[in-house]
Every structure is written in structure tokens, then in C-alpha cells.
Amino acid sequence: MTNNMKSLNDTFKTNNGIEIPCVGFGTWQTPEGQVAVDAVKYAIESGYRHIDTADIYQNEESVGRGIAESGIDRKEVFITTKLWNSKRGYESTLKAFGESIRKLKIEYVDLYLIHWPANKANGVKINADTWRAFEKLYKDGRIRAIGLSNFLTHHIEALLDTAEIIPAVNQIEFHPGYMQADTLAFCKAHRIVVEAWSPLGTGRLLNNPQLKEIAGHYGISVAQLCIRWCLQNATLPLPKSVTPKRITENAEVFNFTLSDTDMQAINSLPYIGGSGLHPDKIDF
Ligand code: A2P
């Protein structure tokens, strides 16, 4: 199905019927201030309709300003933000959500994600309490879809024991050499849209010889190859850039289709670099 994506306006449909524009503009490591404002404005001018930020990125104010200054109608842009780890729990989630929309200067969020699962002894309860707050905000009409980030299968299974609402999205690290096959299969089986963070391996993959060779078959860059590869694996890529030329380049992924042979070759690559962050091991 996702081989048929033809433009940035094409969408992934969530299990609650929301449409998410198929390439999101990532802002992890984009610094607060004019850099973020200009990058977001430029992305919207270039046709992106989906912007991904997070409390911990500390750029929500500038992301919100970039969206406002672009002049686009609020309803035309899909905005995601995420709850930071130190703010988990029922009451503190409600408070943190209020802080995020105040910084973004918006009335509602399209997608709100739990940034990382709590992974200590009482993690299951903390995740369940946090999710109850997400469900309340969703029912109150403050969020159009609620979801997770960096949740592995066992975290999602535990959450589903008490959840009323099935998560719409799980945003995970996903790039050539790091497909997280178990989590991907579980999410697909539960109709949870998988979003790909660091689709370019935070830039680490761009000089990989095998990826360069395959990109050469199509006359495209390795960045475009990685982004298209995500789409053809039915995951939603979130490439980050603050560089106008790259922002445009990363959106030009609709006039070629990777062959099954090349998809298989990339799917079979061993680990060739990534963040090294594991949801069960992180201590932040
Ligand atoms: P910059 O923001 O300075 O343009 P990921 O999305 O996997 O996290 O990767 C983001 C990194 O890759 C950033 O360092 C970004 O640099 C760089 N990048 C993004 N798009 C491209 C591109 N088309 N070509 C080369 N580097 C890119």
C-alpha cells in the first residue's frame, strides 16, 4: 500500500481514523531559536504537513512560532509532541501537556506520545497511570490521537492489559541495519502505525558503501533511499534537517520506487550504526 504514496499529502491512517501525512519533519537536535523557526517555516513552504517535536527537544516554542509564521491554517498541519520521562504519572502528565500546548501556542495536539517507557521495577504501573492521563486528554478532545515512542512489544503488551484505548502510533528508531523486526510485526498486527525516528541513522548511514551503490541505481541520495525505504516498509519516516537544500531533497521521494531486490538487500543489512539507546537499558 505504501508503495503508492505519491506526495507529502498522502497519509497513514490510524486505528482511530486519523490521517497522518506520510513524511514528518523531525526536529530532534534542532536548537531552540531562529534556526528552528526558519527550518519549520521552510519545511512548511516546501510542502511538509507534519511536524514532530518533543518537550525534551526544548524547541516547542520555536516550532510553534515557525508554524504560526508560515501562515498555514492550523488544521492543515499535523503536530506531534511527546511527554518527557521526568513528567510521567497521571497528574504530572496533565500538567506537562498544558505546558507543551502553551509553548507551542496551539489549542490541541494532533498526536501526543509517551517518549520512552518507564523501565524500572514499577514501570508497568507508571506507564498505565500515564496512559490514563493520555486517555483523559484524548476524550476531552485535546489530542486527536495518542501513542507511544520507543515501546518494545513487552511494554505494549503490559500497557494493553489496562488500556481502554489502543495506541495509534509507536515511534521507534528505524533505519537500514536497525529494523526492530519484532516490534514492527507486533505493531502492524495491532494496527499501530510505526513511525521511524532517525531514518538516516542521525546521518551515520549516509556514507555507507552498500547504500551508496543502491542509491546510485536510482540516481538518488542515500538520504532519499533511506526515507523511501521506510515508506516501502510501511513505516512513517521523520527525517530531521535544518538545511534548506536537504529539507527539499528529503521530500523528493515520490518519483521512484525501490525494487523488491533492493528492498530485500537493504532489509538484510547488518547493524551499521545507530543511537545505541535501548528502551530497557536507558537510565534517563
Ligand atoms: P542538518 O540538520 O545539519 O541538515 P536523522 O533524521 O536520521 O536524525 O538524521 C539527521 C541528520 O542528518 C542531521 O545531522 C542532518 O543534518 C543530516 N541530514 C538530513 N538530511 C540530509 C541529507 N539529505 N543529506 C545529508 N545529510 C542530511
Side-chain angles (χ1 to χ4, degrees), residues 8 20-54 56-59 62-63 66 78 80-82 113 115-116 149-150 169-180 184 194-216 218-233 235-256 258 266-267 269 271-279 282:
L8 290 173
I20 314 182
C22 67
V23 177
F25 184 63
T27 66
W28 178 37
Q29 296 178 335
T30 298
E32 174 83 322
Q34 203 57 42
V35 173
V37 174
D38 289 345
V40 167
K41 265 166 75 177
Y42 187 79
I44 292 173
E45 279 163 24
S46 309
Y48 289 80
R49 290 294 175 266
H50 171 177
I51 314 289
D52 183 277
T53 182
I56 195 65
Y57 302 171
Q58 297 185 348
N59 59 19
S62 304
V63 167
F78 189 97
T80 301
T81 192
K82 312 182 192 86
L113 305 177
H115 208 142
W116 291 87
S149 183
N150 300 302
V169 165
N170 189 21
Q171 183 180 122
I172 59 174
E173 181 175 358
F174 185 91
H175 47 73
Y178 197 65
M179 291 186 70
Q180 305 211 50
L184 183 66
V194 173
E195 295 185 345
W197 66 258
S198 279
L200 319 178
T202 326
R204 289 183 187 91
L205 306 181
L206 299 174
N207 288 317
N208 177 270
Q210 279 162 289
L211 294 175
K212 274 183 166 171
E213 191 194 328
I214 298 174
Y218 301 88
I220 58 172
S221 68
V222 172
Q224 290 169 319
L225 178 75
C226 292
I227 294 164
R228 182 72 202 181
W229 171 83
C230 289
L231 288 172
Q232 289 187 215
N233 273 310
T235 66
L236 191 159
L238 302 163
K240 173 266 178 188
S241 179
V242 294
T243 313
K245 187 177 153 294
R246 294 174 175 173
I247 293 172
T248 317
E249 177 184 316
N250 295 346
E252 290 169 351
V253 293
F254 301 102
N255 57 358
F256 61 93
L258 305 178
I266 304 172
N267 288 352
L269 285 175
Y271 187 72
I272 45 177
S275 74
L277 300 173
H278 190 283
I282 57 151

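First listed ligand is number 1; within each ligand, the first listed atom is number 1.
- Here's the thing with Glu249: one of its N/O atoms is less than 3.5 angstrom from an N/O atom of ligand 1.
- When side chains are defined from C-beta on, Asn208 does not count as touching Val222, because their heavy atoms never get closer than 4.5 Å.
- Side-chain N/O atoms of Thr53 and Asn59 include a donor and acceptor closer than 3.5 Å.
- At the top of the distance list for atom 6 (O) of ligand 1, counting protein heavy atoms only, stands Lys240 N, 2.9 Å.
- Neither side chain, Glu173 nor Ser198, offers a donor N or O lying under 3.5 Å from an acceptor on the other.
- The protein atom (non-hydrogen) at minimum distance from atom 20 (N) of ligand 1 is Asn250 ND2, 3.0 Å.
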Between Arg228 and Gln224, does the side-chain hydrogen bond (donor to acceptor under 3.5 Å, both in side chains) criterion hold? Intermediate values first, please. CA-CA 6 Å; Arg228 182 72 202 181; Gln224 290 169 319; over 6 Å; no
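- Residue Thr243 has at least one heavy-atom neighbour below 4.0 Å for each of these atoms of ligand 1: 1 (P), 3 (O), 4 (O).
- Interface of Pro239 with ligand 1, defined as ligand atoms under 4.0 Å from a residue heavy atom, comprises 6 (O).
- Residue Leu206 touches ligand 1 through its side chain alone, judged by heavy-atom distances below 4.0 Å.
- In the model, Asn150 has a side-chain atom that pairs as donor or acceptor with a side-chain atom of Trp197 under 3.5 Å.
- With ligand atoms numbered from 1 in the order given, ligand 1 contributes 1 (P), 2 (O), 3 (O), 4 (O) to contacts under 4.0 Å with heavy atoms of Val242.
- Heavy atoms of Pro199 come nearer than 4.0 angstrom to ligand 1 in at least one pair.
- If you check which protein heavy atom lies closest to atom 9 (O) of ligand 1, you get Thr202 CA, 3.4 Å.
- In summary, the atoms of ligand 1 found under 4.0 Å from a heavy atom of Ala223, numbered by their order in the structure, are 22 (C), 23 (N).
- The option from Glu173, Arg246, His175 that lies nearest to atom 25 (C) of ligand 1, judged by heavy atoms, is Arg246.
- With sequence neighbours excluded, no residue forms a salt bridge (Lys or Arg N to Asp or Glu O under 4.0 Å) with Lys240.
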Using the rule given for side-chain hydrogen bond (donor to acceptor under 3.5 Å, both in side chains), can you reason through Glu249 versus Ser221, listing the C-alpha separation, both sets of side-chain angles and the distance that settles it, and then say yes or no? CA-CA 8 Å; Glu249 177 184 316; Ser221 68; 2.6 Å; yes
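- Ring planes of Trp229 and Phe174: parallel class, angle under 30° (limits at 30 and 60°).
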